[in-house]
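Here the structure comes first, spelled out in structure tokens, and everything after it is commentary.
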Amino acid sequence: MKISVIGAGNVGSITAMRLAQENLGETVLVDIVKGLAEGKSLDLEDARAVLKFNYSIQGSDSIEAIKGSDLVIITAGLTRKPGMSREELLVKNAQILKETCGQIKKLSPQALVIVVTNPLDLMTRLALETTGFAARRVFGMGITLDAARFSNLISKELKIPNSDIEACVIGPHGEGMQPLSRFTNIKGVALDEFLSEEKINELIKRTVERGAQIVSLLGSGSAYFAPSAAIAALVKVIVKDEKRTIGVCALLNGEYGIKGVCIGVPCRLGRTGIEEIIELELSKQEKEALLASAGRLKEQYNSLTA
Ligand code: NAD
């Protein structure tokens, strides 16, 4: 399987490293900055001798290198500065996304596309429209990371391993995300049984704020170790056709009462992309919050494309 990562910055290069080292496919890394992707790929290639692996990695400053990819991951774009919202990145990253997706359509017409660039939900919608690919083939990595963050905070609070926790987050990859304690379970038992409402609310707040907290501590750029791990997890599900249920940003077509909006929901993923969108039985309050987020995304998307 040929997997291309567009953008050789923090997220893109660590993603390429994870994909190559896990032998998930022939990995190609591309960046517009001359020499950047090639230099990082040579460095990653040299690590093969130390690790005694023979993975395939190639870097280029030409988008032509993605030709014939089975899977393309878009990490090209600007990151948040301290105090900046994901939405402020919108206009600049929309331009990059459009250019990139035009090339994906031309060079890799059969590919699945994972969007990572922020603001994630809007960029996923734009990628779908620009490529014209079927909805099952284009989705975003956002709540995959948010669920990992929620799980990590629960694990630390309860002093239990992450492997025992199935965390559930739905909604946009941003302030409107909803970590759902009722659908988060530890070995099948709902989180509500383990922690007080007050403690759960504190963990939810910390999950929602985690990205901004990291941006503020770093001073420049945003998170990349956990994001690249979440991307690699999605790629593994696809490459190995695992058919696991995992949260991604998907185009809804009536599910949850939402149409024409890309937003985070649990989906069953496999080699052909999204195989099923899972509809959770949300409470009235959860559903209203999801609908409100979808309404905001629709408005923002309409003004972006007006
Ligand atoms: P970065 O600045 O380290 O890297 C971005 C790279 O994109 C740069 O090397 C830049 O040269 C390259 N680039 C810009 N335009 C390009 C183009 N047209 N073609 C090819 N490459 C191009 O940023 P990063 O930390 O890697 O983050 C990348 C994006 O991912 C940002 O938009 C960030 O907000 C987003 N992000 C999303 C999540 C998520 O959960 N969805 C998590 C972390 C970061």
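Computed over heavy atoms, backbone and side chain alike; hydrogens, waters and symmetry mates excluded. Whatever order the structure lists ligands and atoms in, that order sets their numbers, starting from 1. Computed from a prediction, not measured in an experiment: that's the story for all the values here.
- Considering backbone and side-chain N/O of T79, none are found under 3.5 Å from N/O of ligand 1.
- Atoms of ligand 1 lying under 4.0 Å from any heavy atom of H173, numbered from 1 in the order shown and given with element: 39 (C), 40 (O), 41 (N).
- Between S222 and ligand 1, no N or O atom pair is found at a separation short of 3.5 Å.
- Counting protein heavy atoms only, atom 36 (N) of ligand 1 is closest to N118 ND2, 3.5 Å.
- At least one N or O atom of L78 sits closer than 3.5 Å to an N or O atom of ligand 1.
- The closest side-chain donor-acceptor pair between N93 and T117, if any, does not fall under 3.5 angstrom.
- Atoms of ligand 1 found under 4.0 Å from any heavy atom of P227, numbered from 1 in the order shown, are 42 (C), 43 (C).
- Looking at atom 28 (C) of ligand 1, its nearest protein heavy atom turns out to be T75 O, 3.0 Å.
- At the shortest separation from atom 15 (N) of ligand 1 among protein heavy atoms lies I32 CD1, 3.6 Å.
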| said: Let's go through L126 and Y301 carefully: what are the C-alpha distance in whole Å and the side-chain angles of both, what is the deciding distance for side chain to side chain contact (heavy atoms under 4.5 Å, CB included) to 0.1 Å, and is it a yes or a no? | reply: CA-CA 8 Å; L126 190 61; Y301 189 74; 3.7 Å; yes
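- For D164, the side chain to side chain donor-acceptor pair (under 3.5 Å) test picks out no residue, with sequence neighbours left out.
- For ligand 1, the polar-atom distance check against L36 finds no nitrogen or oxygen pair separated by under 3.5 Å.
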| field | Check against side chain to side chain contact (heavy atoms under 4.5 Å, CB included), L280 and C168 | value | CA-CA 10 Å; L280 301 171; C168 178; 3.9 Å; yes
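- Closest heavy-atom contact between A250 and I277: CB-CD1, 4.3 Å.
- The side-chain contact (heavy atoms from CB on, under 4.5 Å) test with I73 is passed by exactly one of V115, L234, L19: L19.
- Rounding to the nearest 0.5 Å places CE of M123 at 9.5 Å from SG of C101.
- The protein heavy-atom contact nearest to atom 4 (O) of ligand 1 is G9 CA, 3.2 Å.
- D31 and G9 make their closest contact through OD2-N, 3.9 Å (heavy atoms, listed as atom of the first residue, atom of the second, distance).
- Near I6, the atoms of ligand 1 lying under 4.0 angstrom from a non-hydrogen atom of the residue are 20 (C).
- If you look at L120 next to ligand 1, the close heavy atoms, those under 4.0 Å, all belong to the side chain.
- Considering backbone and side-chain atoms alike, L145 places every N or O at 3.5 Å or more from each N or O of ligand 1.
- In N93, the part holding a heavy atom less than 4.0 Å from any atom of ligand 1 is the side chain.
- No part of A230 comes within 4.0 Å of ligand 1, judged by heavy-atom distances.
- Annotation for ligand 1: atoms under 4.0 Å from non-hydrogen atoms of V33 are 11 (O).
- Ion pairing between a basic and an acidic side chain is recognised when a charged N comes within 4.0 Å of a carboxylate O; D70 and K2 show no such pairing.
- Hydrophobic clustering, with ILVMFWY side chains joined whenever heavy atoms are under 4.5 angstrom apart, groups L107 together with I74.
- Put simply, no part of G221 is less than 4.0 Å from ligand 1, judged by heavy atoms.
- In terms of protein heavy-atom proximity, atom 44 (C) of ligand 1 is nearest to V11 CG2, 3.7 Å.
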| said: Test side chain to side chain contact (heavy atoms under 4.5 Å, CB included) on E286 and F183; report intermediate values, then the result. | reply: CA-CA 12 Å; E286 289 160 354; F183 295 100; 4.3 Å; yes
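- Close N/O approach between I96 and ligand 1 is not found [any backbone or side-chain N/O within under 3.5 Å].
- Note on V11: it does not cluster hydrophobically with I214, by side-chain heavy-atom contacts below 4.5 Å among ILVMFWY residues.
- Protein heavy atom closest to atom 9 (O) of ligand 1, with residue, atom name and distance, is D31 OD2, 2.6 Å.
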Donor-acceptor pairs are to be reported for all side-chain atoms of residues 44-55 against protein atoms at under 3.5 Å, with residues two or more places apart or in another chain.
residue: R48; atom: NH1; partner: Y55; partner atom: O; Å: 2.7
residue: K52; atom: NZ; partner: A49; partner atom: O; Å: 3.1
residue: Y55; atom: OH; partner: L44; partner atom: O; Å: 2.5

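- Among protein heavy atoms, atom 14 (C) of ligand 1 sits closest to G77 N, 3.8 Å.
- Nearest non-hydrogen protein atom to atom 3 (O) of ligand 1 is N10 N, 2.9 Å.
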